Amino acid sequence: MLEQERNIAAWFYLAPALILLAIFIFYPIFNSFVLVALEDYNYLQQTYDGFTLTGNFRNVLNDPNFGQAMLNTMLITFVSVPVSVIIALLISVWLNAIPIQKIQGFFQTVFFLPYVTNAIAIGMAFAFMFNRRYGLINWFLGLFGIDPINWINMGASYENAMITLLIYITWLTLAFKIIVFLSGLQGIDKQYYEAARVDSASRARILRRITVPLLSPMIMYITVTSFIGAFKTYTEVIGMFGERLGPPGDPNSMTTIVALVYDALDRSGVPGAMSEAAAAALILFAITLVFTFVNMQVSKKRVHYG
Amino acid sequence: MQNVENVEELYEDEQKIRFKRRMRLALVYAVVIFFAIFIIIPFYWMVITAFKTETQVFMSPPMLWVNPGEWQWVNFSLALERAPFIRYLANTVLVAILSTAGTIITTILSGFAFARLNFKGRDVLFMILIATMMIPGEIFVVTNFLTITSFGWIEDQTFVEAVLAMTVPFMTSVFFLFFLRQAFKQIPDELYYAAKVDGKTDWQYLWGIMVPVALPTITTITILNAMNTWNAYVWPRLISQREEFQLVSNGLRDAFDDTAGRIMYHEQMAASIIVTVPLIIAFLILKKYIMRGVSRSGIKG
């Protein structure tokens, strides 16, 4: 077959995917930069008042919720990611130590369940679990003589609401990490462990010197994807607190950066709202880029590929 | 004498080691069970609340158990009356089928091109596609909303337009394209050359040999994609202009917002079960494929 024909044939196979990607992925990337450059853009009338370099970014920064959104997103990221990575790693190691396949398989299923649940549905269940008067958590704490805590109801403190949200997010994100770690653990050559046993190395030492280094590419991968996922937290907040994004009487106290994008989109008819949404999305993108870059740099030094 | 003592000592050591090993295993089980309970409790609380009467729900201290004979199955029909959940479920299934079918077809075709065909710029194009996976979806959402509007799918929205708006932007996926290309690449070249000798065209080879061989991967993609639709919240909320065009997640959230007054938790949890159970059943049946997909996605990193 002529090379020319081969090329044409290939583009025929690629066309459906590429057309969709061009419209819904590539064009939006380009258009985001156009949107943030327009002043008071009104998409319904297709009008704008000129161009601006930083105006739309300033609008995002001046949003009354911006500081709160930034603080919350960072808190969620830097608490829930390390905590869930460590817990997931330990659970996988212990799960892998169970000698009976059937029992291991059963627990694997249990730990995987949160992955296949709807974040809204289970968020509601968490909210009721943490209910001040009728919830399970305060009943349990009561067994130890602890007075009922107002986690997420009317008048709840910021700290309590945030702790509840963090517990829920950790719970929800464990499953994915456990499955990835477990498949990694099962791929480690048993020889390493036998050698360690001959040298009668302690369990902690084996974990630190064999398991973690051999699993490091996966730990790296999970950390990067979890950081990106945590920066994008939004549905979890809706599941637990509803569109109010906070306990009753304290709206937006649990807002996130992604919430800024959707808040702006909800005002889509107002001039400049679309540009503000685009600016917020670009800020989110910039943050993920910086952190992915930092993660990559760290991994160059720490990750053991072999 | 000396010898006998040694043997006894050895025997005692052996016993100690065995005891230690057993203790360690007991500890492993204890910790794993502890965390398993942590995972299970929200599900348990959801189920037990869904079976309570209103009085039982608002009791302090809470009731931890309800006898099966007293289970309030009526809560499920109450939940279904509160909002048109059947309609939402039907919408969700329809959207899931359409967007998954679209995704499967576009990724099979393009996956084949990337895995098997030589064309100019293939590697560059592939790298560009992979790079887009880094970009948060919110970047796309803003402009896609404008695009959908310019297609006329928002104003005076009909059901067909709502479904188009919810499916067309999601009829392909770079991640699944990457995933499928990997599966296609593992199919030995010999099969291709043999098919060529037999006079088969590329098209026949793709559908006759590659697709059947890669079926497990295609199954995985189907499930993961359907799951994404099931859990979609933001996009359907943004574009559906009428309440009855929404998907399950939106319906669930809106039906039980506390701005309407005291939440009927038993109904809320019953509705949550209706939304959650289909996914869990699908998972238990198709566990192998889902796990494979997820762990594979981890290895690629």
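None of these values were measured; they are calculated from a predicted model. All chains are named by letter (A, B, ...) in the order of the sequence lines, taking the proteins before the strands, and each is independently numbered beginning at 1.
- Only the side chain of Phe107(A) comes within contact range of chain B, with at least one heavy atom under 4.5 Å from a heavy atom of that chain.
- Formation of a donor-acceptor pair under 3.5 Å by the Trp94(A) side chain with backbone atoms of Tyr29(B) is not found in this model.
- Classification of the Phe112(A)-Phe283(B) ring pair by plane angle, with boundaries at 30° and 60°, yields tilted.
- Using a 4.5 Å cut-off between heavy atoms, Leu284(B) contacts chain A through its side chain alone, with no backbone atom that close.
- If you measure heavy-atom distances from Thr103(B) to chain A, you find no contacts under 4.5 Å at all.
- In this structure, chain B has heavy atoms under 4.5 Å from both the backbone and the side chain of Ile238(A).
- Contact annotation for Asn138(A): neither backbone nor side-chain heavy atoms come within less than 4.5 Å of a heavy atom of chain B.
- Proximity to chain B (any heavy atom under 4.5 Å) is restricted, for Ser268(A), to the side chain, taken from C-beta onward.
- Only the side chain of Thr132(B) comes within contact range of chain A, with heavy atoms under 4.5 Å apart.
- Heavy atoms of Leu35(A) lying under 4.5 Å from chain B belong exclusively to its side chain.
- With a 4.5 angstrom heavy-atom cutoff, Ile103(A) touches chain B only via side-chain atoms.
- Put simply, the side chain of Asn144(B) never gets that close to the backbone of Pro28(A): no donor and acceptor are under 3.5 Å apart.
- Contacts between Leu64(B) and chain A at a heavy-atom distance below 4.5 Å involve the side chain alone, from C-beta outward.
- In this structure, no portion of Val277(B) lies under 4.5 Å from any heavy atom of chain A.
- Atoms CZ and OG1, on Phe30(A) and Thr143(B) in that order, are 10.0 Å from each other to the nearest 0.5 Å.
- Contacts of Leu125(B) with chain A are made by side-chain atoms alone, with heavy-atom separations under 4.5 Å and no backbone atom involved.
- In this structure, Tyr134(A) has its ring center at least 6.0 angstrom away from the ring center of Tyr265(B).
- Highest contact tally toward chain B, considering only Val261(A), Ile25(A), Thr288(A), is held by Ile25(A) [criterion: heavy-atom pairs under 4.5 Å].
- In this structure, chain A has a heavy atom under 4.5 Å from the side chain of Arg24(B), while its backbone stays farther away.
- If you measure heavy-atom distances from Ile23(A) to chain B, the contacts under 4.5 Å come from both the backbone and the side chain.
- Both the backbone and the side chain of Ser32(A) come within contact range of chain B, with heavy atoms under 4.5 Å apart.
- Residue contact with chain B, scored on non-hydrogen atoms closer than 4.5 Å, is absent for Pro148(A).
- Proximity to chain A is absent for every atom of Tyr44(B), based on heavy atoms less than 4.5 angstrom apart.
- Residue contact with chain A, scored on non-hydrogen atoms closer than 4.5 Å, involves the side chain of Val31(B) exclusively.
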